[in-house]
Amino acid sequence: MSNTQQLEDLTTQVRRDILRMVHKVNSGHPGGSLGCAEFIVALYNEIMDRKDTFDMDGIGEDLFFLSNGHISPVFYSVLARAGYFPVEELSTFRLINSRLQGHPTTHEGLPGIRVASGSLGQGMSVAIGAAQAKKLNKDAHLIYSLHGDGELQEGQNWEAIMYAAGNNVDNLISTIDLNGQQIDGPTDVVLPLGNVKEKFEAFGWTVVEINQGNNIDEILKGMAVAKSKTGQGKPVCVLLKTVMGNGVDFMMHTHAWHGKAPNDEQLAIGLEQNAETLGDY
């Protein structure tokens, strides 16, 4: 895509997809999905160097790994609208025998999915392994990953973060969604993370901050800076400050919509706030 307006129109349509998918089955995670919509849209349509066709090896292209896999609605919507599988398949979200389960899986062979998720905290390790494989294959492309801030409460992350710096995994850009919310409440109440920037720097990473993580232009500028920091001996962490539930006013700034579906009336309100731009599935 070539301009911000196109990316914003796609983001609005993705938000509609998220709301409708979760509403239909009365199950799913709309809050974090809405909060990361701008980022995932920008990543797949402007930032990553990716092929038009999908193969599991991913040699010769940038790769993305979603660690906080419960925000699968936004991931599925962006993948479908990027051409990985038919947009109409979004209507099967979380249905029995669907390829679009609550957490992405690999056994159904859904194009665009390279790793199953479920247990939080494991995506960092996967991304690091993929980044090292790129180097072994002499493939100069990058690995991108996304993680929730509440997910950083999982200890495996910090082992992986330490490993990445200690092994100069400098072809990795890991983004942390800093929305300050998790399923049980604000992260600062459930288990405070402290100064995340200082922690990553202490572990030997280069840190880039995007303070307006729901602004397409700011995302593009920040990720360009992050990319410029690769290849310098250190892994790169992007701190993306987003608003949970962004784009639907009653879902914003609260953990209440982490894993709750809107009812009919709430769906109508949410859709009214996000005009159809590219056509509903």
Tightest non-hydrogen contact, residues Gln122 and Ser119, listed as NE2-CB, 3.6 Å
Between the side chain of Gln156 and the main-chain N/O of Ser125, is any donor-acceptor distance below 3.5 Å? no
Assess the side chains of Glu154 and Asn157: does a donor N or O sit below 3.5 Å from an acceptor N or O? no
For Ser72 and Ser33, work out which heavy atoms get closest and say how close. N-OG, 4.4 Å
From the options Leu7, Val41, Asn274, Asp17, select the one residue that forms a side-chain contact (heavy atoms from CB on, under 4.5 Å) with Thr12. Asn274
Just jot down the ring-ring contact (aromatic ring centres under 6.0 Å, His included) partners of Phe54, sequence neighbours excluded, or say none. none
Checking salt bridge (charged side-chain N to carboxylate O under 4.0 Å, His left out) between Asp170 and each of Lys135, Lys227, Lys234, which is the one that passes? Lys135
Check whether any side-chain heavy atom of Ile113 lies under 4.5 Å from a side-chain heavy atom of Phe85, and answer yes or no. no
Have His23 and Asp264 got a donor and an acceptor in their side chains that come within less than 3.5 Å? yes
According to a hydrophobic-cluster definition based on side-chain heavy atoms being under 4.5 Å apart (Ile, Leu, Val, Met, Phe, Trp, Tyr only), do Val248 and Val25 belong together? yes
Go through it in stages, so that I can follow the logic: the residues are His258 and Gln181, the test is side chain to side chain contact (heavy atoms under 4.5 Å, CB included), and I'd like the CA-CA distance, side-chain angles, deciding distance and then a yes or no. CA-CA 8 Å; His258 172 94; Gln181 307 290 335; over 6 Å; no
Count the heavy atoms belonging to other residues, nucleotides or ligands that lie under 6.0 Å from CG of Asn263, then report whether that count exceeds 12. yes
What heavy-atom pair brings Gly222 and Val208 nearest, and what distance separates the two atoms? O-CG1, 3.7 Å
Say you draw a straight line from CG of Asp62 to CG of Leu43; how long is it, rounded to the nearest 0.5 Å? 8.5 Å
Side-chain donor/acceptor of Gln101 to backbone N/O of Leu95, under 3.5 Å: yes
Verify, without hydrogens or angle tests, whether Asp177 (side chain) and Gly148 (backbone) share a donor-acceptor contact under 3.5 angstrom. no
Rounded to the nearest 0.5 Å, how far does CE of Met124 lie from CD1 of Ile161? 4.5 Å
For the pair Lys199 (side chain) and Leu193 (backbone), establish whether a donor and an acceptor sit closer than 3.5 Å, ignoring hydrogens and angles. yes
Sub-4.5 Å side-chain heavy-atom contact between Leu152 and Thr187: no
Can you find a pair of side-chain heavy atoms, one from Leu240 and one from Ile219, that are under 4.5 Å apart? yes
Spacing of CZ belonging to Arg20 relative to CG belonging to Leu271, to within rounding of 0.5 Å: 7.5 Å
So do Trp257 and Pro262 actually touch side chain to side chain, heavy atoms under 4.5 Å? yes
Minimum heavy-atom distance between Trp205 and Ala164, given as atom pair plus value: CZ2-CB, 3.7 Å
Using distance alone, with no hydrogens and no angle criterion, decide if Gln13 and Asp9 have a side-chain donor and acceptor under 3.5 Å apart. no
Closest non-hydrogen atoms of Ala116 and Thr105, given as atom of the first, atom of the second and distance, are CB-CA, 3.9 Å
For the pair Val196 and Asp149, evaluate side chain to side chain contact (heavy atoms under 4.5 Å, CB included) and give the outcome as yes or no after the intermediate values. CA-CA 9 Å; Val196 179; Asp149 49 2; over 6 Å; no
When you group the ILVMFWY residues by side-chain heavy-atom contacts below 4.5 Å and let the links chain together, are Met223 and Ile143 in the same group? no
Looking just at side-chain N and O atoms, do Asp249 and Gln273 make a donor-acceptor pair shorter than 3.5 Å? yes
Distance-only, no hydrogens or angles: does the Ser98 side chain make a donor-acceptor pair with backbone N or O of Thr92 under 3.5 Å? yes
Side-chain heavy-atom pair Leu19, Met251 within 4.5 angstrom cut-off: yes
Would you check if there is a donor-acceptor pair between the side chains of Thr206 and Gln232 at a distance under 3.5 Å? no
For the pair Tyr44 and Phe75, name the ring-plane relationship: parallel under 30°, tilted 30 to 60°, perpendicular over 60°. tilted
Over 60° means perpendicular and under 30° means parallel, so classify the ring planes of Trp158 and Phe200, tilted if in between. tilted
Quick check on the hydrophobic clustering: are Ile216 and Leu34 connected, directly or via other members, by side-chain heavy-atom contacts under 4.5 Å? yes
Indicate yes or no: at least one non-hydrogen side-chain atom of Leu10 is less than 4.5 angstrom from one of Thr277. no
Taking a hydrophobic cluster as the set of Ile, Leu, Val, Met, Phe, Trp and Tyr residues connected by side-chain heavy atoms closer than 4.5 Å, whether directly or through intermediates, do Val74 and Leu110 fall within one such cluster? yes
Please check if atom CG in Asp52 has more than 12 non-hydrogen atoms from other residues, nucleotides or ligands closer than 6.0 Å. no
Going by the side chain to side chain donor-acceptor pair (under 3.5 Å) test, name the single residue among Thr242, Thr11, Asn246 that passes it with Glu38. Asn246
When you measure from the side chain of Arg114 to the backbone of Asp55, do you find a donor-acceptor pair of N or O atoms at a distance under 3.5 Å? yes
Hydrophobic clustering (ILVMFWY, side-chain heavy atoms < 4.5 Å, transitive) - are Tyr84 and Val14 grouped together? yes
Pairwise distance CG(Leu142) to CG(Leu63) - rounded to 0.5 angstrom: 9.5 Å
Criterion side chain to side chain contact (heavy atoms under 4.5 Å, CB included) on Arg94 and Lys24, from CA distance to verdict: CA-CA 9 Å; Arg94 282 201 170 208; Lys24 179 180 178 180; over 6 Å; no
Beyond-backbone contact of His103 with His70, side-chain heavy atoms, under 4.5 angstrom: yes
First locate atom OH of Tyr144, then atom CZ of Arg50, and finally report the distance between them rounded to the nearest 0.5 Å. 12.5 Å
Non-hydrogen side-chain atoms of Asn171 and Thr230 separated by less than 4.5 Å: no
Any donor-acceptor pair under 3.5 Å from Glu151 side chain to Leu120 backbone: no
Step-by-step side chain to side chain contact (heavy atoms under 4.5 Å, CB included) determination, Phe203 to Cys237: CA-CA 11 Å; Phe203 273 73; Cys237 169; over 6 Å; no
Reported CD-to-NZ distance for the pair Glu218 and Lys221, which is rounded to 0.5 angstrom: 4.0 Å
Distance-minimising heavy-atom pair for Ile18 and Pro30: CG2-CA, 4.1 Å
Between Asn167 (side chain only) and Val169 (backbone N and O only), is there a donor and an acceptor less than 3.5 Å apart? no
